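What follows is a short report on a single structure.
Owing to the predicted nature of the structure, the values given are computational and were not obtained by experimental measurement.
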Amino acid sequence: MNIANSKMTWGTTLVFVVCAYLFFYGIYPFHVCYQEQYQLFLFSSAYTSEMLSKPGGLAEYIAAYLTQFFISPAAGAFILAFLLGMLQRLVYTAAKSLGADDKFYPLTFLPSLFYWMLLCNENYMLVGLVAPILALALYPLSAKGLRLWVVYYILMPLGLYFFVGISCWIWFILWFAYEWRERQWPRRVFLAFAGWNLLAFLLFPLVLKYAGWMYPLQLLFFGTNFFRFPLLGVSSVVIVYMLLIACIPLLAAWLSTKVRSDGRRSVVFVAVLSLLVFGGCGYLIHRATDMEKEEILAYDYYIQHRDWKNVIELADRKVPSSPLSVACLNLALCKEGMMADRMFHYYQNGTEGLLPSFTKDFTAPLITSEIYYHIGFINTAQRYAFEAMECIPNMNKNVRVIKRLAETNIINGEYAVARKYLHLLQQTMFYHDWATETLSLLSDEQKVEQNEEWRQLRKYRTKKDFLFSEQEPDMMLGFVFSQDETNRVAYEYLMAVCLLRKDLKSFLQYYPLGKSIGYARIPESYQEAIVYAWGLQHKDMTGIPYPIDSNVLNRVNAYGRIYTSYANAEPMLRQQYSGTYWYYLHFR
Amino acid sequence: MNRIGYWLMVCTFVWLTACKEEVVPSKTVDEKPVLFPDYVEVTIPSTIAPLNFRVEAEYEKIDVKVQGVQGEVLHVQERSVAKFPVEDWTALLAQNRGGELKLTVSLKQEGKWIQYAPFSVYVSEAPIDYGLVYRLIAPGYEVYSKMGIYQRDLSNFTQTAIYENTLIPSSCVNCHSFCHNDPTKMSLHLRGDHGGTIFLNNGTVDFLNTKTQQTISSCVYPYWHPSGRFVAYSVNHTQQVFHAVRDERIEVIDLASDVVVYDVEQNALFSCPQLKSETAFETFPAFSPDGKSLYFCSAVRQEMPMDYQKVKYNLCRIAFDPETKTFSQQVDTLVAAASEGKSVSFPRPTPDGKYLVYTLSNYGNFSIWHREADLYMLDLQSGKSRRLDEINSPDVESYHSFSSNGRWMVFSSRRLDGLYTRPYIVFVGEDGRMGKPFLLPQEDPEQNEMSLYSYNIPEFVTAPVSLDIHAVEQKAMKRDYKNVGYE
């Protein structure tokens with residue numbers, strides 16, 4: 001087999017790209033979509049100039065532009081796979097330029113595989129692919145034949161530093177190795193340029209720092225933020241990644257001079273090397289894949305898109321257990337009119353799985369904001385969304401939040417500030433049409449009222465002022481429900497708070513408020529709570545003043561017999577009654 | 001075509017398209033155009049940046065002729081925003097100082113030019129200070145993202161950062177204050193893990209730890225004594241609470257507050273029982289221009305946060321002797337706002353000491369979140385207040401400060417969209433009458449509408465602020481504090 005055959009190398013790259021695509025689209029689609037919302041890419045001169053005026057700005061700008069397409073998991077996965085493949089081919093091209101043999105082709109996959117592994121953490125950014133690709137793409141641009149080669153070599157470091165940030169070192173290492181090998185220039189001229197490059201890359205951050213750039217020095221050295229937490233991104237992981245990109249071509253070239261094998265031995269060598277590279281990295285990617293996080297992001301995605309059925313289907317496939325996932329499920333159940341019947345069919349983890357507490361975080365408050373929004377706490381939904389945006393560690397804005405702020409302000413009748421957000425969204429690629437259409441509604445109140453969701457939420461939102469207290473959700477929900485007693489979501493959340501707190505006294509106190517909701521029958525979990533509370537004070541269910549299903553009465557009796565007959569009744573009850581409120585009451 | 005020919009053609013095309021079209025109005029209207037920002041009939045200083053604007057109408061082109069009293073004309077023609085070259089504008093203003101400019105606006109609509117009635121912009125003889133210093137921050141709740149303290153050269157559009165919180169991650173800055181607009185004397189609080197007070201005094205930067213055992217918190221709201229030797233601060237134990245109703249968002253309440261004075265020379269705080277009452281909240285100190293009085297706001301202490309709406313601040317004054325560092329026993333109430341169900345915040349005397357401008361809202365002291373907040377002027381001789389109807393709007397007016405000569409006031413207002421605070425500048429006559437306020441000019445007026453930042457605490461400075469930011473970074477990162485004592 002002649003592995004130098006370019007079709008073979010291209011074929012391997014293609015298989016790699018397809019695998020990457022299948023991974024990101026098939027296994028990790030919600031990690032892909034997640035990226036899109038944590039930026040506000042604007043087609044405006046102000047945004048462009050702000051992005052381009054910092055080290056690594058061009059790479060960040062291109063990465064941000066491409067990240068917009070992550071709104072579609074298919075497009076996002078394609079971009080990721082394509083860039084991973086492109087990085088590999090550029091590493092290969094660099095290796096070839098240094099004289100590497102094709103039998104070391106598998107090594108050229110290492111940087112891409114490494115960043116693929118990093119991308120399993122949702123906080124690694126696309127710029128980590130774009131910046132090295134730009135640096136590698138500029139590497140073959142030799143000054144050979146250029147009349148202004150002096151200018152080229154003097155300006156190159158400055159340009160590179162501002163284009164790609166820390167990835168400029170990749171260019172420098174490869175350029176140095178190439179020129180050293182090729183001896184195109186007199187050695188003294190070459191060393192002078194090399195010295196200038198080295199000095200420039202070291203000096204530029206210092207110059208910027210002392211020119212008053214308000215960044216810590218280590219951030220100026222790195223330029224680009226590969227990690228969403230800028231200071232944490234200045235880490236050994238990123239340095240290892242940079243070194244891999246720069247050193248793999250050198251290693252392949254060096255090994256090519258040391259390891260000589262032909263024919264069958266060459267095939268075996270490539271097979272073993274491939275096994276080591278792809279097997280080892282595949283294992284590491286497998287270890288880095290966080291399916292629990294993927295699940296939370298899936299829930300978040302579905303509730304963001306009001307896809308309640310998919311949320312419930314997701315829970316039916318695998319019962320969620322994290323507070324955020326459970327909170328999403330409860331919202332979906334409520335919106336589908338199933339919460340009062342079925343919420344205890346799923347794992348419940350207290351009120352944190354209903355209305356998660358506020359944390360200074362850029363993801364969790366977004367989910368909580370969705371819940372408050374649908375209950376009718378418009379100001380609270382607005383606050384949580386705003387806070388989530390302000391928590392983004394790299395100080396980006398959040399396009400999803402800007403859209404939500406436009407909505408909450410429209411619902412609140414604050415059209416002037418809503419217009420501001422809509423004008424911003426008009427400068428985006430994928431929210432432009434929605435913003436334009438929404439703007440056109442604002443001049444006509446009747447058109448605004450025609451939006452079913454806004455009309456309903458306007459009806460639900462509170463008209464009397466009170467100070468919001470996260471510690472007293474029952475009080476807050478009671479306030480909102482008392483404003484509009486047709487607000488089923490608020491009522492069911494109020495009931496759910498009481499049930500999850502195991503506060504049957506409050507449950508029984510608030511339960512009659514639900515008359516206005518117009519249930520055809522008492523929802524199942526309410527029946528279970530009522531019969532349990534009745535049973536605590538009565539010998540049997542005779543005389544219970546509510547129409548309880550006979551099935552519930554039979555089951556509570558059976559449950560009670562087991563519960564009182566066995567010291568360790570939990571395993572027995574779990575099998576038949578884990579979906580009941582009684583089980584939650586006793587064992588959760 | 002050779003390359004030179006190609007470029008000649010491109011240049012010719014660019015030159016031709018850049019030429020101004022001759023305006024032959026097919027219609028003239030008697031109305032003045034509706035501008036954004038509204039600069040019609042405003043009074044401006046002679047060293048203000050160009051008043052770039054657009055007209056609130058659909059049009060293909062805008063043509064503006066600005067004519068001075070001596071006949072000189074500045075003529076621009078643009079597609080959307082009338083932008084005046086800075087140098088030409090500056091020269092025109094210099095030539096017309098004390099006079100007026102006549103602006104004639106024509107719009108090209110559906111291929112035809114429509115000319116509006118000309119309007120005037122008055123160029124005052126009273127100079128304005130070099131620039132403005134403000135904080136840019138998103139109008140959020142508890143969390144903050146990128147923010148900083150910036151200075152803006154008022155004669156052009158140059159804005160530079162004095163401090164940005166990208167320098168020290170998770171840091172926040174607030175309450176910048178200058179000694180009578182002097183940029184060499186500045187107090188600025190840095191909050192967060194590396195918090196302290198950045199104290200700039202004639203080029204020396206100190207990093208103060210202002211929390212003492214005798215005070216309830218680190219220093220908060222500052223005001224410099226005219227001598228530069230003292231800075232009055234409030235010390236506040238604050239809490240944020242959030243409204244549920246649509247019209248209101250945030251309330252920042254004091255659970256306790258006092259007023260103290262920092263002696264720069266002794267590096268120590270001092271106060272008096274009248275400013276540290278157990279039964280009252282005292283805040284927002286401000287020295288009189290002669291340095292012999294201290295204005296402050298005082299409210300009867302309430303059960304907090306339950307009775308936050310009952311907290312109503314009066315405007316008070318206490319005599320101060322800078323020589324002996326003593327206060328009088330007597331506290332005068334200048335504006336008994338509480339008795340009228342109102343609350344005073346941000347008292348700021350004019351530099352000539354004749355007037356004092358304050359913000360009046362329904363309750364509390366965080367007036368920026370009170371839509372009803374308006375500016376009032378107290379005549380310190382007659383003791384009478386008047387609402388500044390000539391500058392107030394239906395939305396929030398809150399923080400305000402004066403130029404060093406007192407002829408210009410800058411104030412923050414949310415009148416544009418109800419949320420994002422913008423600085424407005426207004427001419428102040430010697431009789432206390434004010435002109436029509438104008439929005440701080442921006443190169444592109446759209447910036448006022450698109451920016452996601454609010455302008456906090458606009459303060460005039462007589463020259464650029466020069467802060468050794470590396471010294472600040474080093475002291476803050478090392479927590480190299482100069483501990484403040486208490487006398």
Taking side chain as everything from C-beta outward and backbone as N, CA, C, O, which of these in [X] sits under 4.5 Å from a heavy atom of chain B? Side chain, backbone, both or neither.
X        : answer
A:Leu467 : both
A:Tyr421 : side chain
A:Phe479 : neither
A:Gln382 : both
A:Phe377 : neither
A:Asn394 : neither
A:Leu42  : neither

Counting only non-hydrogen atoms closer than 4.5 Å, does [X] touch chain A with its backbone (N, CA, C, O), its side chain (CB onward), both, or neither?
X        : value
B:Ile162 : backbone
B:Asn448 : backbone
B:His470 : side chain
B:Asn165 : both
B:Ser170 : neither
B:Gln447 : neither
B:Ile168 : neither

Look at [X] together with [Y] and state whether they make a salt bridge at an N to O cut-off of under 4.0 Å.
X        : Y        : value
A:Arg419 : B:Glu449 : no
B:Lys310 : B:Glu303 : no
A:Glu390 : A:Lys397 : yes
A:Lys360 : B:Glu142 : no
B:Glu372 : B:Arg414 : no
B:Arg54  : B:Glu56  : yes

Exercise. Between the side chain of B:Asn236 and the main-chain N/O of B:Thr238, is any donor-acceptor distance below 3.5 Å?
Worked result: no

Problem set entry | B:Gln302 (side chain) donor-acceptor with B:Tyr308 (main chain) under 3.5 angstrom | no

Exercise. Only one of B:Arg152, B:His176, B:Gln159 clears side chain to side chain donor-acceptor pair (under 3.5 Å) with B:Tyr134; which?
Worked result: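 Going through the options one by one, the only one that passes is B:Gln159.
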
